[in-house]
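Computed from a predicted model, the values in this text were never measured in an experiment. Side chains are part of it too, since the values below use all heavy atoms of this structure and drop only hydrogens, waters and symmetry mates. Residue numbers begin at 1 in each chain, while the letters A, B, ... track the order of the sequences.
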2 protein chains.
Amino acid sequence: MSNQGQGCCGPLSEEPLAKEQAEEMALVFKALGDPVRLRLFSMIASGPSGEVCVCDLTPAFDLSQPTISHHLKLLRQAGLVDSERRGTWVYYRARPETADRMAALLASVSADRASA
Amino acid sequence: MSNQGQGCCGPLSEEPLAKEQAEEMALVFKALGDPVRLRLFSMIASGPSGEVCVCDLTPAFDLSQPTISHHLKLLRQAGLVDSERRGTWVYYRARPETADRMAALLASVSADRASA
DNA sequence: ACAGAAAATAGATAAACGTCTATACAACCT
DNA sequence: AGGTTGTATAGACGTTTATCTATTTTCTGT
């Protein structure tokens, strides 16, 4: 159910994204395309211990607990974060492979223009 | 009307995104969060001459001309592409600064975990 | 075993979005 | 000037999405 693709596509200099690649990666961008989710992701990624408790995320927004939970689920399904329950609390951590894949795609835009 | 912000935010290692930064950058991710738009952007970015004619983009999809035009408008408003009319045709080119900004943000996730 | 707290799920609803058709605008060519 | 083609805008419509309240699940302590 979650997005686990790792190897994907060459730089945009070589060729545009194929339909399936675009659909897959668009899911990740869409997950980051909501202000609340992007902030959640940034909070998770910047957690000093590498992980953040949901109990610290939820009160940081003027939104209901289920809404935050829903956003976290979408980030998980996009492959951007992982969650682990330890006792009462659930901890979220970033999945750098996914962020790296997207970063590489975006960075390859400049690579194009440099080689042109 | 279009998104022109350039300097924005430090790596996610330092601190999470502020509300306004998140809202601004989420707009760009949202623009990339649609399969058609992502593919359009990839086609524009990979144009060998650095630009692509709308007349080449439109027939590449099973969608109406106004729909493609609408998607291109959103990419423009997000600051991801620029357009220029030359005679009858309109040409689109990527704006690497914007892609670079987003790439830097995503790449800073790994930087975090490396320094941890 | 039971009371309580943290997180997820279910279901409802209003707003946003992607798409279409129809129309307008802009530039070319006789 | 008028017809033709390329692109953008306007308006309509069905679907998706973000949010809420209510409930369920999972764990902890006593």
Reckon A:Lys30 has a side-chain N or O less than 4.0 Å from the OP1 or OP2 of D:dT17?
-> yes
Between CG of B:Leu72 and P of D:dG6 the distance, given in whole Å, is 16 Å
Decide yes or no on side chain to side chain contact (heavy atoms under 4.5 Å, CB included) for A:Thr98 and A:Arg95, but give the supporting numbers first.
-> CA-CA 6 Å; A:Thr98 303; A:Arg95 290 182 56 181; 4.3 Å; yes
How far does OH of A:Tyr91 sit from SG of A:Cys53, to the nearest 0.5 angstrom?
-> 5.0 Å
For nucleotides 19-21 of chain D, list the nitrogen or oxygen atoms of the protein found under 3.5 Å from its nitrogen or oxygen atoms, one pair per line.
{"unit_1": "D:dT19", "atom_1": "OP2", "unit_2": "A:His71", "atom_2": "NE2", "d": "2.2"}
{"unit_1": "D:dC20", "atom_1": "OP2", "unit_2": "A:Ser64", "atom_2": "N", "d": "2.9"}
{"unit_1": "D:dC20", "atom_1": "OP2", "unit_2": "A:Ser64", "atom_2": "OG", "d": "2.9"}
{"unit_1": "D:dC20", "atom_1": "OP2", "unit_2": "A:Thr67", "atom_2": "OG1", "d": "2.7"}

Let me know the distance between CZ of B:Arg39 and C1' of C:dG18, rounded to the nearest Å.
-> 16 Å
What integer distance in Å separates B:Gln77:CD from C:dC17:C1'?
-> 13 Å
Side chain of A:Tyr92: nearest nucleotide among C:dA27, C:dA8, D:dA8?
-> C:dA8
Winner on side-chain proximity to A:Trp89, out of C:dA7, D:dA8, C:dA27, is C:dA7
A:Leu27 CG to D:dT17 P: how many Å, rounded?
-> 9 Å
B:Thr88 vs D:dG6: side-chain N/O to OP1/OP2 distance below 4.0 Å = no
Test item: side-chain donor near acceptor, A:Arg76 and A:Tyr92, under 3.5 Å | yes
Here the distance between atom C1' of D:dA8 and atom CG of B:Leu75, to the nearest Å, is 15 Å
For B:Arg37 and C:dC17, what is the distance between atoms CZ and C1' respectively, to the nearest whole Å?
-> 8 Å
Side chains of A:Leu72 and A:Phe41: does their closest heavy-atom pair fall under 4.5 Å?
-> no
Could you check how far OH of B:Tyr91 sits from P of D:dA8, rounded to whole Å?
-> 13 Å
For the side chain of B:Cys55, counting heavy atoms from C-beta on, which of D:dT7, C:dA27, D:dA18 is nearest?
-> D:dT7
Single-linkage hydrophobic cluster, 4.5 Å side-chain cutoff, A:Phe61 and A:Leu38 together = yes
Note, A:Glu84 side chain near A:Val90 side chain (heavy atom, < 4.5 Å) | no
So CE of B:Met43 and CG of B:Leu57: to nearest 0.5 Å the spacing works out to 5.5 Å
Could you tell me the separation between the NZ atom of A:Lys73 and the C1' atom of D:dT25, rounded to a whole number of Å?
-> 14 Å
